[in-house]
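To start, the structure itself, in structure tokens.
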Protein chains: 2
Amino acid sequence: MAKKLAKSTISQRRVLDAAAKMFRDYGYAGTTMRAIADESDLKAGSIYYHYKSKDELITAVLDLGINTVINTVQDALDALPETATGRERIETAVRAHLSAIIENGDYTLATRRVFGQVPEAIRLKNTKLRDSYGATWQNILRDAHDRGEFQTGADLTLARLFILGALNWTVEWYKPGGRMIDDVAREFTSVVVDGLAGQQGSFGLSDVGT
Amino acid sequence: MAKKLAKSTISQRRVLDAAAKMFRDYGYAGTTMRAIADESDLKAGSIYYHYKSKDELITAVLDLGINTVINTVQDALDALPETATGRERIETAVRAHLSAIIENGDYTLATRRVFGQVPEAIRLKNTKLRDSYGATWQNILRDAHDRGEFQTGADLTLARLFILGALNWTVEWYKPGGRMIDDVAREFTSVVVDGLAGQQGSFGLSDVGT
DNA sequence: TCCAAAACCTAACACTAGTTAGAAAAAACA
DNA sequence: TGTTTTTTCTAACTAGTGTTAGGTTTTGGA
């Protein structure tokens, strides 16, 4: 099990959900306390009973957004047997990452969209979390490499940046009700591990439309 | 040659550059006309001589951001000989895309960061440009596939989303003075076309550090 | 040199932002 | 029930927002 998240009252969570949704749609400066209040069926002043400033709100949204992804991926990896192959580990992490960012779209999208607009101090703390997540992925790739399961010519750091970039971008185009997360995860793994020219037919959806 | 961009005076461009930089750092609502004015050595009121509203400014930044990428990639592809292989076309497009978004980082980053915060009408017009760019990539992949240069099991639409996502994410971590764009482009192509497990050593940087 | 057009500035307007203090209502507990 | 605690609301303040009208400076050609 991964680290527990801080507990919170129902009202606190309602405000936080509303904040995430508003930050996601309108950015940091574009989101007003009054808009968050409307979304959570409160008046603007009442928010300050739960969070003492707008900065504290955005901090909570950012941290929850990343921690959710970190914990989901770590739990999925921990649940794997020792004997799991490098490919299985990669596909598992891909699927867990996708599940987390799609099912918590408000938080993860908000995280991505406002990250560059937030005061320096807040950004720095959040960056540490991000770095540790990057290290997790680096370990997955290096581990699979060390096991000799694939002798790659690619630089692992670049490969990691490439994979995480592609995954994070998913929230931009993924539409609920369209493709299944599992299918997307399998395709992604296929492109990354095998490449476009590899293992013909073994993992393809061939043609499932747009 | 790709479509010509609208001409503009020196002052107009100075204001636009300043706007792109500010939008990039502080988002749409977070960027004030006074901040743009400061950055371009003007007073707030003077901006309205060149652009009649903040909305017109953001529209110009968004359009220039995408058009630059579209034109750069299209020109690079047009310069290729008829005999170019699918792999060469992909690597060329990858390199052109990276060059465009890195050398015009203010515009492309601004484009990405404020896209979701902008009034609906503006976003719609810009979306048409984005879709046409997606079609360009789809053609590259399908063309290479039709030529029989690789029989891929991967779904091409997903592969395209995957590739563009990874490329667009580059602006988040790329630091000028670090890796060369050409190296990154070659590695990316290698991962996409060959996969992590493919063509050992033929394209790898093996270990060039972070 | 003079003059008209282009470029810029000043000062203000109406409005909205985050935040706060204190009153009011709801919930919890005796 | 009455009383205390938790939660919410009201009303306001200061600071800053996009935008504009009208005046001032700069530019470039006759």
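Since the model is a prediction, treat every value here as computed from it, not as a measurement. Naming convention: chains lettered A, B, ... in sequence-line order (proteins, then strands); numbering from 1 in each chain.
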| request: Quantify the bending of the helix from C:dT1-D:dA30 to C:dC29-D:dG2 as the angle between its end axes, each fitted on five pairs, to 10°. | output: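 The two end axes of the helix from C:dT1-D:dA30 to C:dC29-D:dG2 meet at 10°.
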| request: Measure the acute angle between the ring planes of A:H97 and A:W137, then classify it against the limits of 30° and 60° as parallel, tilted or perpendicular. | output: perpendicular
| said: Between B:N126 and B:R123, do the side chains contain a donor N or O and an acceptor N or O under 3.5 Å apart? | reply: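 Their side chains do not contain a donor-acceptor pair, so the 3.5 Å distance test is not met.
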| field | A:Y107 versus A:N67, side-chain donor and acceptor atoms under 3.5 Å | value | no
| What is the minimum heavy-atom distance between A:A93 and A:I140, and which atoms define it? |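 Of all heavy-atom pairs spanning A:A93 and A:I140, the closest is CB-CD1, 3.7 Å.
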| query | According to a strict under-4.0 Å criterion, is A:H50 in side-chain N/O contact with OP1 or OP2 of D:dT6? | reply |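 Looking at the OP1 and OP2 atoms of D:dT6, neither is under 4.0 Å from any side-chain N or O of A:H50.
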| task | Considering just the side-chain nitrogens and oxygens of B:S46, establish if one lies under 4.0 Å of OP1 or OP2 belonging to C:dA7. | result | no
| task | Look at the side chain of B:L42 and decide which nucleotide, out of C:dC8, D:dT8, D:dT10, has an atom nearest to it. | result | C:dC8
Rounded to whole Å, please give me the gap between [atom1] in [X] and [atom2] in [N].
X: A:I47; N: D:dT10; atom1: CD1; atom2: P; answer: 14 Å
X: B:D38; N: C:dC8; atom1: CG; atom2: C1'; answer: 15 Å
X: A:K43; N: C:dT20; atom1: NZ; atom2: C1'; answer: 18 Å
X: B:Y49; N: C:dA5; atom1: OH; atom2: C1'; answer: 8 Å
X: A:M22; N: C:dG18; atom1: CE; atom2: P; answer: 13 Å

| Distance flag, aromatic centroids of B:F162 and A:F162, threshold under 6.0 Å |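 So the answer is yes for these two rings.
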| Does B:R113 pair with B:E172 as a salt bridge, N-O distance under 4.0 Å? | yes
| message | Within 45 degrees of the ring normal and closer than 6.0 Å to the centroid, is that where the cationic atom of B:K54 sits relative to B:Y28? | response | yes
| request: Determine, for nucleotides 15-21 of chain D in 5'-to-3' order, which nucleotides have protein heavy atoms under 4.0 Å from the base (write B), from only the sugar-phosphate (write S), or from neither (write -). | output: --BBBB-
| request: Quick one: pull up CZ in A:R186 and CZ in A:R95 and give me the separation to the nearest 0.5 Å. | output: 8.0 Å
| Any side chain to side chain donor-acceptor pair (under 3.5 Å) pairs touching residues 29-43 of chain B, not counting sequence neighbours? | B:K21-B:E39
